[in-house]
J.: 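Supplied in structure tokens, the structure appears directly below.
Just so you know, residue 1 is the first one in the sequence shown, and it goes up from there. Remember, it's 1-based here, ligands and their atoms both numbered in the order they're listed.
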Amino acid sequence: MKLKLMAAAAAAVLACAAPAMAQPSAADAKAFVESAEAQIDKASAFANRAQWVRANFITEDTQWLEAKANAEQNGLLARLAVAAAKFNGVQADPITARKLKLLKLYAVAPAPNRPGAAEELAGLLTKLDSTYSTGKFAFKGKQITLNDAEDVLAKSRDPAELKAVWEGWHDTAKVMKPDYAEFATLSNEGAKGLGFADTGALWRSNYDMEPDAFAAETDRLWKQVEPFYRNLHCYVRARLSEKYGEAVQPRTGPIRADLLGNMWAQQWGNIYDVVAPKTAASSYDLDKLLVDKGYDPVRMVKTGENFYSSLGYAPLPETFWQRSLITRPQDREVVCHASAWNLDDKNDIRIKMCTKVNADDFRTVHHELGHNYYQRAYQNQPTLFRNGANDGFHEAIGDFAALSASTPTYLNQIGLLEKVPGAEEDIPFLLKTALDKIAFLPFGLLVDRWRWDVFAGETTPDEYNKAWWDLRLKYQGLKAPGERSADAFDPGAKYHVPGNTPYTRYFLAHIYQFQFHRAACQQAGWKGPLHRCSVYGQKAVGEKFNRMMELGQSQPWPQTLAVFSGETRTDASAVADYFKPLNTWLVQQNKGEKCGW
Ligand code: X8Z
Ligand code: ZN
């Protein structure tokens, strides 16, 4: 399956299909889940291929085919979820009990149990994803894609140009608003049918704790990291104000979202040049190193594979190279948002990304491969356990690898960087890293804060955009570069909203990856500062990491976390440990500034 499961269902047949069973036994429950798993495998084998083909070749017809396949798969899931309810109250064995629970959570967007609903829901999701992926707008007399627009956002330092491109892309999302509202209504109806308050509650129920307890966990974690984010925000705003002047970026209040080097202002590493410390220079620029050394997209992926091989992971299969999509094709429409797939739940793993030769994609390659290695590691688990310990783990595996693979030591080992800089480059390095990792945290949190409210009915379609910007201001301290029109649907300009991929997973991953890194460096006997540690070549670390990965979702995630790190909680103290010298430095730099917004 892909990292996202679209799901909906037409389960009308089940309402009164089965004759009333006498009180079912534990053995009945076990037989039921095993049969359910076999049926899911069969439906997925078909749906996976339809999804792959549509994502690699978006046309009317592939959309039709994918929607049909998804509707069938989701119809099955809904029937199974309803049937599973018959075993409520049965003392099933622990494995069966866990599988029964996971079966209800399998569909990210469950369809209502009535004729036609699965088809309608699947049709809306395929259309939303395709609309996003084929979005284009006029800029300097040309129609440009998101890929082109992202390059402008990363490189241009002309505020008028940045604003135009930012607005151009965001305005492509307007047309999706009615479909999104309809999708939310349908998916909620399905979630309620499964006994959840709404789709958001279903999403929050997949963390081995009550949904409210999970929401409280995310609040607790945000409180742990928020002061650090505010220090970074304050520092970056001052530098932007110096660069662009008070009229473009005032030294107080929110930051203009188009000035941060990324379409969604979710990672700010691309404006390192604007905010670099005046006193400590950085001796290298990974974007430039990759280009200068003649890297191409395939070589970037091979380099990623080599990192995992150094930890003891088997090489990627030949089919990975034959079947993956690694660059944007010129002759057809594809979903360029990067993803990792396992088509047969065995070794048919692939990535699909429109790779560019730059530092962002160097890290994304490691990220995507992490998904593939995880999928392959848990392939021997039964169907319902073939997943991340939780979805944050799935997103953290590859980022964990990329933390080591971004160190100057490693870049030097693989011949990208001539000379490993000394301690004088710690602050530049940490600042660059924080611009991506710390800046991301509030964004990682707010996307689902917005959706949770939408699904709960607290944000209605006419409030979609206002609620979005209220959260952008509250968590990130950002504002749009100009007034947004009444019909704007800015959340739709972020892939995961039309793509219906839950987003809290990335917030969690930005914490787990540092826990994994801290534990791995300890295991490797590393004594220096965490940010200089690379576990490249550490086979024992890889072996232990793989023991965690192999478990998939077979047990509650805290136990799985303990297998590798000895910890049983999500804990941002690893983030604080990693960035400690930078936070101290930021506090000094911000003296005299009026921080906050
Ligand atoms: O969507 C992704 C991956 C695919 S799972 C490329 N990421 C989030 C995003 O791009 O918004 C990775 C970082 C956050
Ligand atoms: Zn991912």
J.: Could you list which atoms of ligand 1 come closer than 4.0 Å to a heavy atom of Glu368?
T.: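 It comes down to these atoms of ligand 1: 3 (C), 4 (C), 6 (C).
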J.: Below 4.0 angstrom from a heavy atom of His371, which ligand 1 atoms are there? Numbered from 1 as shown, please.
T.: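 Those atoms are 5 (S).
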J.: Is His394 close enough to the Zn ion (ligand 2) to have an N, O or S atom under 2.8 Å?
T.: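 So His394 does not bind the Zn ion (ligand 2) by this criterion.
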J.: Any non-hydrogen side-chain atom of Cys336 less than 4.5 Å from a side-chain atom of Leu146?
T.: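 The answer is no; the side chains never approach within 4.5 Å.
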J.: Is any side-chain heavy atom of Asp287 less than 4.5 Å from a side-chain heavy atom of Tyr272?
T.: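 Answer no - side chains too far apart.
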J.: Does Arg350 make a cation-pi contact with Trp52 (under 6.0 Å, within 45 degrees of the axis)?
T.: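 Yes, a cation-pi geometry.
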J.: Is Arg505 close enough and on-axis enough to Trp203, meaning under 6.0 Å and within 45°, for cation-pi?
T.: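 No; the conditions do not both hold, so Arg505 does not lie above the ring face of Trp203.
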J.: Taking distance alone, with N or O pairs closer than 3.5 Å, would you say His510 contacts ligand 1?
T.: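 No.
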J.: Judging by distance only, is a nitrogen or oxygen of Tyr503 under 3.5 angstrom from one on ligand 1?
T.: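 Tyr503 vs ligand 1: N/O contact under 3.5 Å present.
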J.: Looking only at distance, does Thr364 have an N or O less than 3.5 Å from an N or O of ligand 1?
T.: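 No, no N or O pair falls under 3.5 Å.
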J.: Is it the side chain (CB and beyond), the backbone, both or neither of His496 that lies under 4.0 Å from ligand 1, heavy atoms counted?
T.: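 The side chain, only.
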J.: Can you tell me if CZ on Phe139 sees more than 12 non-hydrogen neighbours from other groups inside 6.0 Å?
T.: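 For Phe139, atom CZ is crowded (more than 12 foreign heavy atoms under 6.0 Å).
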J.: Measuring from the Zn ion (ligand 2), name the closest N, O or S atom belonging to Glu395.
T.: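 Distance check against the Zn ion (ligand 2) picks out OE1 in Glu395.
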J.: May I ask you to check whether Lys494 has an N/O atom sitting below 3.5 Å from an N/O atom of ligand 1?
T.: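 Yes, since at least one N or O of Lys494 sits under 3.5 Å from an N or O of ligand 1.
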J.: Taking only heavy atoms of Gln266 into account, list the atoms of ligand 1 that are under 4.0 Å away from them.
T.: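 What qualifies from ligand 1 is 9 (C), 10 (O), 11 (O).
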J.: Around atom NZ of Lys288, are there more than 12 heavy atoms of other residues, nucleotides or ligands at under 6.0 Å?
T.: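 For Lys288, atom NZ is not crowded (no more than 12 foreign heavy atoms under 6.0 Å).
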J.: With heavy-atom distances below 4.0 Å as the criterion, list the atoms of ligand 1 near Glu395.
T.: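 Selected atoms, number and element: 5 (S).
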J.: Test of understanding: given a 4.0 Å heavy-atom threshold, classify the contact between Tyr495 and ligand 1 as side chain, backbone, both, or neither.
T.: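 Contact part for Tyr495 vs ligand 1: neither.
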J.: So, Asp490 and Arg472, do they make that salt bridge, N to O below 4.0 Å?
T.: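 Salt bridge between Asp490 and Arg472, a charged N being under 4.0 Å from a carboxylate O: no.
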J.: With a 4.0 Å cut-off, would you call Glu333 and Lys136 a salt bridge?
T.: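 Here Glu333 pairs with Lys136 in a salt bridge, since their nearest N and O are under 4.0 Å apart.
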J.: Going by the order shown, which atoms of ligand 1 are within less than 4.0 Å of some heavy atom of Ala338?
T.: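 It comes down to these atoms of ligand 1: 4 (C), 6 (C).
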J.: Is His337 in polar range of ligand 1, meaning some N or O pair under 3.5 Å apart?
T.: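 For ligand 1, there is an N or O atom that lies under 3.5 Å from one belonging to His337.
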J.: Hey, could you give me the CZ/OG1 distance between Phe362 and Thr355, rounded to the nearest 0.5 Å?
T.: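 One finds 12.5 Å between CZ of Phe362 and OG1 of Thr355.
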